[in-house]
Chemist: 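Have a look at the structure that comes next, please.
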There are 2 protein chains.
Amino acid sequence: MTKKPVATAKGLPRRYFKEVRFRQIRALVELSRHRSFAATAAAMGLAVPSVWQQVRALEDEFGVPLVIASGSQLELTEDGALLVEIASPLVEGFESLKAVFADRQRHSPRTLRIVAPSSMLHGALRKPVAAFRRKYPEVRLTIIDLPSYAARELLEGGGADIGVIGIACDDPPMPQHHLWLLARYPFHLISPVDHSLAQAKRLSLIEIVKSPLVLASDTSSSHRQIRQVFEKAGLAHRMNVTTTATNRALLLDYVAIRLGVTICTSAADTRLPRPGPGECELTQRDVSTLFGHEEVFIVQRKGRHELPHVRAFREAVAAAFKK
Amino acid sequence: MTKKPVATAKGLPRRYFKEVRFRQIRALVELSRHRSFAATAAAMGLAVPSVWQQVRALEDEFGVPLVIASGSQLELTEDGALLVEIASPLVEGFESLKAVFADRQRHSPRTLRIVAPSSMLHGALRKPVAAFRRKYPEVRLTIIDLPSYAARELLEGGGADIGVIGIACDDPPMPQHHLWLLARYPFHLISPVDHSLAQAKRLSLIEIVKSPLVLASDTSSSHRQIRQVFEKAGLAHRMNVTTTATNRALLLDYVAIRLGVTICTSAADTRLPRPGPGECELTQRDVSTLFGHEEVFIVQRKGRHELPHVRAFREAVAAAFKK
DNA sequence: CTTGGTCATTAGGTAGAAACGAATGCAAAT
DNA sequence: ATTTGCATTCGTTTCTACCTAATGACCAAG
C-alpha cells in the first residue's frame, strides 16, 4: 500500500518540510558559540538530540558538512563558519524583535477617536473624557460630534475607535461590534404649558401627530425611533416635522417660540429651562408607554485585542453611567 | 482530569509553543504587501486559514491588533505597520539566505588535503592528482607525504581530507572512516642473486630472520605487517633491522650494497633496476604465503556529505587503480 | 429584493516536525 | 581499567502547520 500524498488546493503535495527553518539556523548559530551539542542544548533548553537533528537537517539542506566532531571538541567547517557569519545577524535581529517592537511602540503615538452625539459629549461624557485626558496625556484624542446614526455609520466604516450612541429599537443589528448598554432614557413630550397636549387626559399617537413637531436631526436615534413608532401605527405620512436641531437646548428654544412640540429624552435630573423673553413656559410628560426608551450603548469593533488606553476609556464611561 | 504536563530533562514543561515564529512574521510581511488574506495565501502557496491563523497568532503574541478587515479591504493597524517595518528586512535576509550562501560559497576557496606514502604519490597517484589539478584548478591542493601509519594518524586527527594508505592486517579498525580497498600487492623478498635466501628451495620465517633486514619506515604499513608476522611466530626479538628508508629505490640500493635483504611490495609490472657500479644484481621471490599482501585503501572520514571536489578526487583514484 | 460571489472567520481533522528518553559507541580523563 | 562526557541513533510522543469544509458578512449585479 503506497502512502497517498495529501493534495493541497492546487493539487501539489504539501511541501513545508524541504525548507531551511529558522530554528535550525538558530541552533547552528548557538552551536558556533558553545562548541558542543551538550552545551548548546542546555543553553537552548532543549535535549541534545534535538539540536543535533536541527544541525544535521541543515547539512542535508545545504548539502555540505557544517560541523565535524573531532574527539570531544567540535569544529565548524569552513562552510559552517560562512553560514554562521551570514545568518547570525538575522538570528539576533529576530531574537530581539519583540523587545524592539515594544520599545518602538512605547515611543510611537497612541490615538483614540471617540464619536458621540453632542448631547452625550456635553453631558455624561464630559467627565470621563476629562479624566482620560489627565490619565493618558500622551494619547492623541480625536472627538467627533455626530448624531447617533451618523456616528454608527462612522464606526462601521472604521472612522472611529469607540462610540457612545443611542440605537433605535428597529435599527439593524451591528454584528461586527460589541455593544454595552449604558442607560435607558424614557421619551418625554415637551410642549408649552398651555398646549392642548399638555392638558389632555390621555395621550395617543393620533393626537400627537396632529401637532407640528420639532425633532432632533434625522440621523439621530431618537428621531429614527419616533419615526419608526409612527410608521408602525401607519401615521408616518402625517408627521409634520417643521424643524430639526442637533441640540436639546435648541429644541426647547423652538418649542418655547411655538414652532411645535418635541419628543425627546432627558436624564432624570434634567430640569426644563426657565422661559426667556418672548418665550412661553414649558412642561414635559412621560410618553414612554408610546415611544419606549432611548437605549444608549458603548459601541466598539469586535476584535481579539483591545488597546489598553481604549479599554481604560471604555471602563471610565461605563463607570460614569453606573453611578 | 487535568492534562499532565510533559516534563523535560530539567523538570520544566515543554515550551516550544509560546514564541514568535518566523513563519508568522513572514505571513504578516506578505500580508502587508497583498492587503488581503486571499491574495497572500495564493502568493505563499497556502490556504487562507493558514495565513489567517499565523497573523492572529502574532496578534495574540504581541497583544495588539495588527490588521483590521474593514469591508473587503484589509488595513494594517499602526502597530502592524510598525512590526512590518521592523521585521521585513529580517524576512528578506532569511529568504535570500540560501542564495547568498551559495554565492559566497562559490567565491570562497575550496581546499583538498591529500596524504599518502611517497611510493603512492610517485606511482599510482601521480596521474589522478594531475588530472584533478587540471579539472579543479581553483582548489588549493595540499599534498602530504607520510608513511602509511603516520598518514593514518594524520587522517584520524583531521589533518587531511583523504588518504591512500596501506593497512596491515592486524592494525586496529578505523570506525570513523570509510575505507575502499584499491589493491592488494604480494610481499616480495628482494636479495642479491647470490644470497642464500635467493638459492634456498623453500623459504621460512626462521631462515629469513637470520639475515639482516632493510625495511621501510617503521610507521609504514609494510614494516608493521612484517613485524606483526614475526611477532606471531615469536621471532620479533630476533629481527635485525639494520636500515630503514622511506623509498623503494633507496631500499633496493641498500640491498644492492649488501646491507641486508628487504621484504617489500611491488606492483606486478615493476622491474628490478639494473645494478649500478659497485652494486650486485638483485632478485625477488614472492613471499606472500608467509607475509600475505599489503592492502591499499582510500581512507576518508565518515560523514553525511562529501564535497563534490573531494568525491571527484576519490573517484579518479579508484578509476586509476581499477585499470 | 434577492442572489451569487468573494472575502474573512471558525471548526475539525491529518501529516509532519520537533521534541523527548533511552540505548549505543567513541574517546579522554581518572 | 573504569568512569565519565560527549556525540549519535532509535523509537515514541506531543505539538504545529496545514488542509478542507462550513459559516457569516459584505458587495454588486440580476
Side-chain angles (χ1 to χ4, degrees), chain A residues 3-24 26-27 31 34-42 44-57 59 61 67-75 156-158 172-177 301-304, chain B residues 3-19 21-24 26-27 31 34-42 44-57 59 67-75 156-157 172-177 302-304:
Chain A
K3 204 167 68 174
K4 157 181 81 149
V6 177
T8 69
K10 286 130 207 98
L12 296 164
R14 289 190 182 173
R15 56 152 184 47
Y16 52 95
F17 37 93
K18 261 304 185 207
E19 181 184 342
V20 179
R21 288 163 186 288
F22 190 78
R23 319 203 131 176
Q24 297 167 347
R26 175 162 51 195
L31 190 59
H34 296 101
R35 306 259 145 186
S36 118
F37 282 99
T40 306
M44 297 180 78
L46 296 177
V48 174
S50 304
V51 178
W52 188 87
Q53 205 180 335
Q54 288 174 332
V55 173
R56 298 300 154 169
E59 296 192 338
E61 190 58 36
V67 294
I68 46 167
S70 48
S72 68
Q73 215 60 7
L74 210 66
E75 253 181 301
E156 287 179 325
M174 299 181 72
Q176 302 271 295
H177 291 75
R301 178 183 289 271
K302 278 183 184 166
R304 292 189 163 52
Chain B
K3 203 170 69 173
K4 148 183 88 144
V6 176
T8 69
K10 286 129 207 99
L12 298 163
R14 289 188 183 174
R15 54 152 187 48
Y16 51 100
F17 36 94
K18 255 308 185 207
E19 183 184 341
R21 287 162 190 289
F22 190 79
R23 322 198 125 182
Q24 297 167 349
R26 176 163 50 197
L31 190 57
H34 296 101
R35 305 262 147 186
S36 119
F37 282 99
T40 306
M44 297 179 78
L46 297 177
V48 173
S50 303
V51 178
W52 188 87
Q53 208 178 340
Q54 288 172 334
V55 174
R56 297 301 154 169
E59 296 191 338
V67 293
I68 44 168
S70 46
S72 67
Q73 214 62 5
L74 208 68
E75 253 182 300
E156 287 179 325
M174 300 179 71
Q176 303 270 299
H177 291 76
K302 278 181 184 167
R304 293 190 161 52

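Chain letters run A, B, ... following the sequence lines, proteins first and then strands; every chain starts at 1. Please read all numbers here as calculations on a predicted model, not as lab measurements. Worth knowing before you read on, the calculation uses all heavy atoms, side chains too, and leaves out hydrogens, waters and symmetry mates.
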Chemist: Nearest whole Å is fine: how far is D/dT8 C1' from A/Glu59 CD?
Modeler: 13 Å
Chemist: Output the rounded distance in Å from CD (B/Gln24) to C1' (D/dA17).
Modeler: 10 Å
Chemist: Can you figure out which of C/dC20, D/dC19, D/dC26 approaches the side chain of A/Gln176 most closely?
Modeler: D/dC26
Chemist: To the side chain of A/Ser36, which of C/dA18, D/dC6, C/dC20 is closest?
Modeler: D/dC6
Chemist: Sequence neighbours left out, what passes side-chain contact (heavy atoms from CB on, under 4.5 Å) with B/Pro172? Give chain and number order.
Modeler: B/Tyr149, B/Arg152
Chemist: B/Leu46 has an atom CG; how far is it from atom C1' of C/dA8, in whole Å?
Modeler: 16 Å
Chemist: For C/dA19, does OP1 or OP2 lie under 4.0 Å from any side-chain N or O of A/Gln54?
Modeler: yes
Chemist: Using the test salt bridge (Lys or Arg N to Asp or Glu O under 4.0 Å), find all partners of A/Arg56 that sit at least two apart in sequence or belong to another chain.
Modeler: A/Glu59
Chemist: Rounded to the Å, how far apart are A/Lys302 NZ and D/dA25 C1'?
Modeler: 11 Å
Chemist: Whole angstrom is fine here: how far is it from CD in A/Glu19 over to C1' in C/dG16?
Modeler: 13 Å
Chemist: Are there any protein N/O atoms within less than 3.5 Å of an N/O atom in nucleotides 9-12 of chain C, and if so, which ones and at what distance?
Modeler:
| from | atom 1 | to | atom 2 | distance (Å) |
| --- | --- | --- | --- | --- |
| C/dT9 | OP2 | B/Trp52 | NE1 | 2.4 |
| C/dT9 | OP2 | B/Arg56 | NH2 | 2.8 |
| C/dT9 | O5' | B/Trp52 | NE1 | 3.0 |
| C/dT10 | OP2 | A/Arg304 | NH2 | 2.9 |

Chemist: Find out whether B/Arg26 and B/Met44 are in side-chain contact, i.e. whether some heavy atom of one side chain is under 4.5 Å from a heavy atom of the other.
Modeler: yes
Chemist: Calculate the interatomic distance between B/Ile68 atom CD1 and C/dC7 atom P; express it in whole Å.
Modeler: 19 Å
Chemist: Quick one: A/Phe22 CZ to D/dA17 P, roughly how many Å, whole number?
Modeler: 14 Å
Chemist: Please figure out whether B/Pro175 or B/Ala38 has its closest DNA chain C nucleotide nearer the 5' end.
Modeler: B/Ala38
Chemist: Using a strict 4.0 Å threshold on nitrogen-to-oxygen distance, state whether B/Glu75 and A/Arg301 make a salt bridge.
Modeler: no
Chemist: Under 4.0 Å: is that the gap between some side-chain N or O of A/Arg21 and OP1 or OP2 of C/dA18?
Modeler: yes
Chemist: Could you pull out all residues at least two apart from A/Gln53 that satisfy side-chain contact (heavy atoms from CB on, under 4.5 Å)?
Modeler: none
Chemist: Go through C/dA27, C/dC20, D/dC18 for me and flag the one nearest to the B/Ser50 side chain.
Modeler: D/dC18
Chemist: Looking at side-chain heavy atoms only, is the closest gap between B/Gln176 and B/Glu156 below 4.5 Å?
Modeler: no
Chemist: Distance check needed: C/dA18 C1' versus A/Met44 CE, whole Å only.
Modeler: 12 Å
Chemist: Write down the atom of A/Trp52, the atom of A/Phe37, and the distance for their closest heavy-atom approach.
Modeler: CA-CE2, 3.4 Å
